A.B. asks: 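The structure is given below, and queries will be raised subsequently.
Please read all numbers here as calculations on a predicted model, not as lab measurements.
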Amino acid sequence: MLLIGNLILLSRKSAILIMSAFFFSYIFFNKKIQLKRKVIFILLSFIIGLSIVKFTPDISNRFKDINHLFDATKISSTNIRFNLTNVAIKAIKEKPIFGYGVGDTKDVLSILEQNNFVFKNKYYNSHNQFLGLTISTGFFGLLIFMNFLIRNLKNSFLVSFEQFSVLLFFTVLMLIENILDRQNGVIYFALIINYFSFYNQIDTEK
């Protein structure tokens with residue numbers, strides 16, 4: 001309840017949507033819970049969640065800005081992300097194979113963002129790990145990373161639902177944040193993915 005409360009206080013619609021999806025998936029696929037209880041629990045949680053979004057002004061406003069997604073005159077977090085995706089794709093088209101290099105991504109995006117009034121001369125990263133990686137290393141680097149990610153997801157799926165859920169959660173987060181460009185993000189990701197790898201290896205040897 002403390003963690004749920006903290007999530008609500010953060011008022012991040014992307015985090016709320018992702019965690020809600022994982023929560024409902026966990027309830028739905030949990031074989032220990034009877035079908036009748038699943039339906040009641042999911043409906044009750046949906047009603048409570050909808051009420052929180054509807055009657056909590058800060059959260060409600062964040063969800064309402066989705067209406068301005070394609071309105072260039074309205075500046076909102078959703079609109080900024082939409083424009084960031086367009087800018088990132090434009091940068092990728094210039095150097096799609098090997099990218100611009102890890103150290104030049106910020107400079108490339110900064111130049112492109114200056115030509116878009118939505119960003120108000122502020123710098124934003126791509127807010128998408130896959131797009132950011134493609135800008136840095138091109139599709140060549142993206143394919144290597146995707147191979148690494150898919151192999152770990154496949155291995156964790158074969159071992160346990162819990163491991164797979166954690167890695168899938170990180171993967172989904174990469175669609176909305178550059179978590180590997182941040183110190184706390186890359187530390188947590190590296191720690192968890194290596195822990196799972198060594199744990200499974202030791203468990204297999206037993």
A.B. asks: Do Asn178 and Ser126 get their side chains close enough for a donor-acceptor pair, meaning under 3.5 Å?
C.D. replies: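 Per modelled atom types, Asn178 and Ser126 side chains form a pair under 3.5 Å.
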A.B. asks: Do the ring planes of Tyr124 and Phe119 sit parallel (below 30°), tilted (30 to 60°) or perpendicular (above 60°)?
C.D. replies: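 Plane angle between 30° and 60°, so tilted.
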A.B. asks: Quick one: do Phe98 and Ile135 end up in the same hydrophobic cluster if we chain Ile, Leu, Val, Met, Phe, Trp and Tyr together by side-chain heavy atoms under 4.5 Å apart?
C.D. replies: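 They do not share one cluster, since no chain of ILVMFWY contacts under 4.5 Å joins Phe98 to Ile135.
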A.B. asks: With a 4.5 Å cut-off on side-chain heavy atoms, are Gln129 and Glu177 touching?
C.D. replies: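 No; the side chains remain at least 4.5 Å from each other.
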A.B. asks: Can you tell me how far NZ of Lys90 sits from CG of Asn116, rounded to the nearest 0.5 angstrom?
C.D. replies: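 Answer rounded to 0.5 Å: 9.0 Å.
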A.B. asks: Apply side-chain contact (heavy atoms from CB on, under 4.5 Å) to residues Tyr100 and Thr137 and explain how you reach the verdict.
C.D. replies: CA-CA 7 Å; Tyr100 297 86; Thr137 61; over 6 Å; no
A.B. asks: For the side chain of Asn128 and the backbone of Ile176, is there at least one donor-acceptor N/O pair under 3.5 Å apart?
C.D. replies: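 Absent.
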A.B. asks: Kindly assign one of parallel, tilted or perpendicular to the pair Phe145 and Phe189, based on the angle between their ring planes and the thresholds 30° and 60°.
C.D. replies: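 Phe145 and Phe189: tilted rings.
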A.B. asks: For Phe140, is the CZ atom crowded, meaning more than 12 foreign heavy atoms sit under 6.0 Å from it?
C.D. replies: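 Open: at most 12 neighbouring heavy atoms sit under 6.0 Å from CZ of Phe140.
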A.B. asks: Any chance CZ of Phe28 has more than 12 other-residue heavy atoms, nucleotides or ligands included, within less than 6.0 Å?
C.D. replies: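 Open: at most 12 neighbouring heavy atoms sit under 6.0 Å from CZ of Phe28.
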A.B. asks: Are Ile187 and Ile192 in one and the same hydrophobic cluster, where Ile, Leu, Val, Met, Phe, Trp and Tyr link if side-chain heavy atoms are under 4.5 Å apart?
C.D. replies: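 Result: yes, single cluster for both.
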A.B. asks: Just how far is it from atom CG of Leu142 to atom OG1 of Thr134, taken to the nearest 0.5 Å?
C.D. replies: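 Leu142 CG to Thr134 OG1: 4.0 Å, rounded to 0.5 Å.
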A.B. asks: Does Thr85 reach the side chain of Leu131, with side-chain heavy atoms less than 4.5 Å apart?
C.D. replies: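 Of all side-chain heavy-atom pairs linking Leu131 with Thr85, at least one is under 4.5 Å.
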A.B. asks: Which distance, rounded to the nearest 0.5 Å, do you find between the CG of Leu44 and the CD1 of Ile48?
C.D. replies: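 CD1 of Ile48 is found 4.0 Å from CG of Leu44.
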A.B. asks: Are any of the side-chain heavy atoms of Lys36 and Phe41 separated by less than 4.5 Å?
C.D. replies: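 They are not in contact (no side-chain heavy atoms under 4.5 Å apart), so the answer is no.
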A.B. asks: Which atom pair, heavy atoms only, marks the closest approach of Ile33 to Lys38?
C.D. replies: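 Closest approach of Ile33 to Lys38, heavy atoms only: O-CE, 3.1 Å.
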A.B. asks: Rounded to the nearest 0.5 Å, how far does CG of Asn200 lie from CG of Asn155?
C.D. replies: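 Answer for the CG-CG pair, Asn155 versus Asn200, is 7.5 Å.
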A.B. asks: Within the distance-only criterion (no hydrogens, no angle test), does the side chain of Ser110 pair as donor or acceptor with the backbone N or O of Lys106 below 3.5 angstrom?
C.D. replies: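 At least one qualifying donor-acceptor pair exists.
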A.B. asks: For the residue pair Glu113 / Asn121, report whether a side-chain donor-acceptor contact shorter than 3.5 Å exists.
C.D. replies: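 Their side chains do not contain a donor-acceptor pair, so the 3.5 Å distance test is not met.
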A.B. asks: Please say yes or no: joined through hydrophobic side-chain contacts below 4.5 Å, possibly via intermediate residues, are Ile150 and Leu175 part of one cluster?
C.D. replies: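 Same cluster.
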A.B. asks: In the single-linkage hydrophobic clustering (I, L, V, M, F, W, Y; side-chain heavy atoms under 4.5 Å), do Phe170 and Met146 co-cluster?
C.D. replies: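 Same hydrophobic cluster.
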A.B. asks: Before you tell me yes or no, could you show the steps for Asn125 and Arg182 under side-chain contact (heavy atoms from CB on, under 4.5 Å), namely the whole-Å CA-CA distance, both residues' side-chain angles and the distance that decides it to 0.1 Å?
C.D. replies: CA-CA 11 Å; Asn125 61 34; Arg182 300 176 181 273; 4.2 Å; yes
A.B. asks: Report yes if the side chains of Phe196 and Asn152 come closer than 4.5 Å at any heavy-atom pair, otherwise no.
C.D. replies: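 No, side chains not in contact.
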A.B. asks: Would you say Val166 ends up clustered with Phe157 if hydrophobic residues are merged whenever their side chains have heavy atoms under 4.5 Å apart, either directly or through other cluster members?
C.D. replies: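 Yes.
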A.B. asks: List the atom of Leu153, the atom of Ser156, and the distance in Å for their closest heavy-atom pair.
C.D. replies: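 So the minimum-distance heavy-atom pair works out to O-OG, 2.9 Å.
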A.B. asks: Which heavy atom of Leu149 sits nearest a heavy atom of Met174, and at what distance?
C.D. replies: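 Nearest heavy atoms, Leu149 then Met174: CD2-SD, 4.3 Å.
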A.B. asks: I need the minimum non-hydrogen distance between Ala91 and Leu112, along with the two atoms involved.
C.D. replies: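 Looking at all heavy atoms of both residues, the shortest contact is CB-CD1, 3.6 Å.
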A.B. asks: If you define the side chain from C-beta out and look only at heavy atoms, does anything of Leu168 sit under 4.5 Å from Phe22?
C.D. replies: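 Counting from C-beta outward, Leu168 and Phe22 do come under 4.5 Å.
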A.B. asks: Using side-chain contact (heavy atoms from CB on, under 4.5 Å), reason through Gln163 and Tyr199 one step at a time and then give a plain yes or no.
C.D. replies: CA-CA 11 Å; Gln163 285 191 23; Tyr199 177 84; 3.8 Å; yes
A.B. asks: Rounded at 0.5 Å granularity, tell me how far OG in Ser136 sits from CG in Asp104.
C.D. replies: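 With rounding to 0.5 Å, OG (Ser136) is 9.0 Å from CG (Asp104).
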A.B. asks: Closest approach of Phe23 and Ser45, non-hydrogen atoms and distance?
C.D. replies: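 Shortest heavy-atom separation between Phe23 and Ser45 comes out as CE2-OG, 3.7 Å.
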A.B. asks: Would you find a donor on one side and an acceptor on the other, under 3.5 Å apart, between the side chain of Asn147 and the backbone of Leu143?
C.D. replies: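 Here the side-chain-to-backbone pair does not exist.
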A.B. asks: Rounded to the nearest 0.5 Å, what's the gap from CG on Leu158 to CZ on Phe164? Could you check?
C.D. replies: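 It comes to 10.0 Å.
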